[in-house]
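A quick write-up on the structure given underneath.
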Amino acid sequence: MTLIAAHSLSLSAQWVNQTSGTTAKLRAVQFLDASNGYAGGNAGTVLKTTNGGTTWTNVSIPGVTAPVMDISFVNATTGWAAIGDTSGFSSGIWKTSNGGTSWTSQTSGSTTSRLCISFVSDQIGWASGADVPIKFNHTTNGGTSYTIQPVSNIYGWVYALDAVDANTVYTAMPVQFTQSGLVAKSTNGGSTWTAVWGDGGSGSGSPGNKIPYLYAMDFVNASTGYVVGFTGSIHATTNGGTSWTTQSSNTTEHLDGVSFATSTTGFICGRNGTIRSTTNGGTAWTTETSGVTVNLQDVSAVIGSASTIAWAVGDNGTILKGTAPLGISEASSAELINVYPNPSHDYASIEVPAAHNLSGNSLKVYDVLGRDVTNKVSVQLIQTGEVARFDIALHLDKGVYSFVVTNNDAPVTNGRLIVN
């Protein structure tokens with residue numbers, strides 16, 4: 001029996017420049033799964049794909065000349081676009097219910113730029129933007145009507161919104177008055193807001209911590225979230241904003257986008273083609289080779305059936321797709337895996353701690369080039385108490401292979417298997 005340390009997952013995605021069909025600056029991107037996604041940008045531009053970006057269809061908003069600053073889709077057909085610009089004078093919220101075939105303008109009650117928007121269902125959502133003091137547009141009927149939720153003591157244009165559920169909403173912004181970034185939170189559907197990180201000015205109730213301007217955020221649940229901004233700034237919380245950890249992004253470039261496919265696997269992007277990835281919640285960020293030097297404005301990541309997939313968008317109509325096999329790196333953790341015999345010829349067993357929902361466990365096998373070769377093995381899963389055992393009949397050439405244990409398609413742990 002071979003007892004080995006489990007290895008942390010390393011992305012090292014291969015990035016491919018997709019054909020967007022536009023030269024407009026793209027400012028927002030959202031993928032619902034590995035196939036269905038949208039991107040938005042200057043001059044009312046909205047693009048749609050149903051095949052992972054192999055082809056993009058123009059579904060732009062007719063008559064809109066200002067930028068689409070943000071998008072929020074709750075399914076493949078229903079979504080909203082926030083219209084605004086950095087002057088603060090353009091404003092609008094538009095909705096589609098048919099995947100962008102047609103758009104309807106909604107009355108938000110705001111006359112200044114809407115810079116961000118987030119919906120948690122086809123009925124409940126928020127938008128915000130260039131208001132001083134800040135205010136939010138809140139709807140509970142899909143945008144048929146909006147209620148203004150003013151916040152009298154927090155100042156700054158709101159650049160990022162992330163609604164986790166009908167009650168829990170986070171927002172991030174740069175605050176010119178204090179030359180600091182700020183994160184604020186509501187736990188009652190936006191009726192009241194509390195600053196939880198940064199400095200929002202006198203009377204804001206913020207902790208008074210000076211941090212770089214913040215421009216993007218992603219909360220994967222009510223407790224765990226990440227915010228990014230100027231000079232490579234990235235901060236993380238795992239307790240709903242009660243405390244924050246400042247992470248090293250390994251760059252001083254301004255960061256404009258962040259997206260996590262799981263609570264620990266995510267990407268950040270920014271100026272001059274900057275992309276970084278992590279598989280351990282930001283404890284370490286890996287430099288990705290994007291292949292471009294344009295400014296990247298946003299990123300969206302999902303976990304596919306055999307890979308982590310992300311799309312980054314930016315200037316000149318740039319859309320990049322990064323696909324990373326669920327492979328392994330050399331950074332080991334304390335968790336142990338039993339693999340026996342290893343090396344093996346035609347049969348092996350892999351035992352791993354079954355700390356997750358047992359019925360959701362599965363196994364993937366990859367060769368040294370990251371290609372999925374699971375179809376060349378026969379796997380039988382046996383659950384024994386707190387241990388999941390994968391008995392494998394091998395039909396593989398000699399070599400070193402990586403295996404990944406997933407639970408409902410989310411990576412759990414992995415290791416190596418040698419075939420002789």
Side-chain angles (χ1 to χ4, degrees), residues 28-33 38 69-75 78-80 82 93 114-129 134-143 146-147 149 151 154 158-173 181-198 200 205-207 214-229 234-245 247 257-268 278 281-282 298-303 408 410:
V29 62
Q30 180 191 4
F31 269 75
L32 300 162
D33 51 43
Y38 289 84
M69 299 296 291
D70 197 13
I71 54 177
S72 181
F73 279 78
V74 294
N75 54 48
T78 304
W80 291 259
I93 298 176
R114 298 300 86 190
L115 303 175
C116 52
I117 193 164
S118 183
F119 274 73
V120 294
S121 70
D122 61 356
Q123 300 296 309
I124 301 173
W126 289 262
S128 191
I134 68 173
K135 65 182 179 182
F136 298 91
N137 314 98
H138 178 46
T139 182
T140 57
N141 56 18
Y146 287 86
T147 300
Q149 296 176 324
V151 183
I154 299 178
V158 178
Y159 275 82
L161 260 176
D162 200 350
V164 180
D165 54 45
N167 295 310
T168 308
V169 192
Y170 289 88
T171 185
M173 67 196 79
L182 177 72
V183 179
K185 175 184 180 181
S186 176
T187 57
N188 54 16
S191 296
T192 59
W193 292 79
T194 301
V196 295
W197 183 242
S206 72
L214 300 175
Y215 284 99
M217 70 189 327
D218 188 24
F219 272 76
V220 294
N221 53 50
S223 300
T224 302
Y226 304 81
V227 292
V228 301
I234 180 165
H235 313 277
T237 181
T238 57
N239 53 20
T242 300
S243 61
W244 293 81
T245 300
Q247 299 179 341
V258 55
S259 178
F260 274 71
T262 70
S263 60
T264 56
T265 301
F267 294 82
I268 53 179
T278 183
D298 197 14
V299 62
S300 180
V302 300
I303 292 290
N408 295 322

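Position 1 is the first residue of the sequence, and the numbers go up from there. Quick caveat: nothing in here was measured; it's all calculated off a predicted structure. Below, all heavy atoms of this structure are taken into account, side chains as well, without hydrogens, waters or symmetry copies.
- Side-chain contact between Asp298 and Val29: present, with at least one pair of heavy atoms (C-beta onward) separated by less than 4.5 Å.
- By the ring-ring contact (aromatic ring centres under 6.0 Å, His included) test, Tyr215 is found to be paired with Tyr159, Phe230, residues two or more places apart in sequence or in another chain being considered.
- Of all heavy-atom pairs between Leu182 and Ile154, the closest is CD2-CG2, 3.1 Å.
- Summarising the geometry, atom NZ belonging to Lys185 is positioned 6.0 Å from atom OG1 belonging to Thr242; distances are rounded to the nearest 0.5 Å.
- By the 4.5 Å heavy-atom criterion applied to side chains, Met173 and Val158 are counted as neighbours.
- The structure places CZ of Phe260 at 9.5 Å from OG1 of Thr224, a figure rounded to the nearest 0.5 Å.
- A perpendicular orientation is assigned to the rings of Phe219 and Trp244, their planes being inclined by more than 60° (bins at 30° and 60°).
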Task: Audit row: Tyr146, Ile93, side-chain contact (heavy atoms from CB on, under 4.5 Å) steps and yes/no - done: CA-CA 10 Å; Tyr146 287 86; Ile93 298 176; 3.4 Å; yes
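- From Asp122, atom CG reaches atom CZ of Phe73 across 13.5 Å, with rounding to the nearest 0.5 Å.
- At a cut-off of 3.5 Å, with distance as the only test, no side-chain donor of Asn137 or Thr139 sits close to an acceptor on the other residue.
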Open item on the list: If you apply the rule side-chain contact (heavy atoms from CB on, under 4.5 Å), what do you find for Val169 with Leu161, and how did you get there?
Closed with: CA-CA 7 Å; Val169 192; Leu161 260 176; 3.8 Å; yes
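- Counting only distance, with no hydrogens or angles, the side chain of Tyr170 and the backbone of Gly240 share a donor-acceptor pair below 3.5 Å.
- Of all non-hydrogen atoms in Ser186 and Ser191, the two that sit nearest each other are OG-N, 4.0 Å.
- Heavy-atom minimum distance, Ile268 versus Ile234: CG2-CD1, 3.9 Å.
- Between Met217 and Val183, the shortest heavy-atom contact is CE-CG1, 4.2 Å.
- For Ala163 against Ser118, the heavy-atom pair with the smallest separation is N-OG, 3.0 Å.
- Rounded to the nearest 0.5 Å, atoms CH2 (Trp80) and OG (Ser72) are 7.0 Å apart.
- By the side-chain hydrogen bond (donor to acceptor under 3.5 Å, both in side chains) test, Trp126 pairs with His138, Gln149, sequence neighbours left out.
- Contact between Ala127 and Ile117 at its shortest, heavy atoms only, is CB-CG1, 4.0 Å.
- Side chain of Ser259 to main chain of Ala301: a donor-acceptor pair is present (N/O by atom type, distance under 3.5 Å, no hydrogens or angles).
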TODO: Let me see the working for Phe119 and Thr78 under side-chain contact (heavy atoms from CB on, under 4.5 Å), right down to the final yes or no.
DONE: CA-CA 10 Å; Phe119 274 73; Thr78 304; over 6 Å; no
Open item on the list: Checking Thr278 against Gln247 for the side-chain contact (heavy atoms from CB on, under 4.5 Å) test, could you report, in this order, the C-alpha distance in whole Å, the side-chain angles of both residues, the deciding distance, and whether it holds?
Closed with: CA-CA 11 Å; Thr278 183; Gln247 299 179 341; over 6 Å; no
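- The side chain to side chain contact (heavy atoms under 4.5 Å, CB included) test with Asp162 is passed by exactly one of Asp218, Thr168, Thr171: Asp218.
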